[in-house]
Amino acid sequence: TEWIVGSVRCVQETDAEYMGSLSIVIFGYALRICERPFSRIEKNMDFTNYANSFWTVILTITTVGYGDYFPRTFHGRCVVFIVSIWGVFIVSMMVVTITNLLNVD
């Protein structure tokens, strides 16, 4: 259990904007790579554009999920699944950090 506490402290000390921006770029690129072959067949879901991939990752991390762009391939769905779990982790770490900052001890 000590390594869990140590890893949480390490994540709390890192810059949240850096971690969030890097996550959007890495997962957006991975989603684009996974969905690009299918985008050639169906023109409605154009993941050849980086903006659409980043948009899908941002909506998945924030757990909004409009549904305008969604993955069609198995690998794309795996990427979005990992993104959703990562988003829950990021949001929970932000809540813990804000709670620690507002703690009046």
According to side chain to side chain donor-acceptor pair (under 3.5 Å), who are the partners of Tyr50, at least two apart in sequence or on a separate chain? Arg32
Taking only residues two or more places apart in sequence, or in another chain, which ones meet Thr73 in a side chain to side chain donor-acceptor pair (under 3.5 Å)? Glu35
Taking only distance into account, with no hydrogens and no angle test, what donor-acceptor pairs under 3.5 Å do side-chain atoms of residues 86-93 form with protein atoms, sequence neighbours excluded?
| residue | atom | partner | partner atom | Å |
| --- | --- | --- | --- | --- |
| Trp86 | NE1 | Ser23 | OG | 2.7 |
| Ser92 | OG | Val88 | O | 3.2 |
| Ser92 | OG | Phe89 | O | 2.8 |

Would you say [X] and [Y] are hydrophobically clustered, going by side-chain heavy atoms of ILVMFWY under 4.5 Å?
| X | Y | result |
| --- | --- | --- |
| Ile82 | Phe54 | yes |
| Trp55 | Ile33 | yes |
| Val64 | Val79 | yes |

Between SG on residue Cys34 and OH on residue Tyr29, distance to nearest 0.5 Å: 10.5 Å
Grab the two heavy atoms, one from Pro71 and one from Val80, that are nearest each other, plus how far apart they are. CG-CG2, 3.5 Å
Who passes side-chain contact (heavy atoms from CB on, under 4.5 Å) against Ser84, sequence neighbours left out? Thr60, Phe81
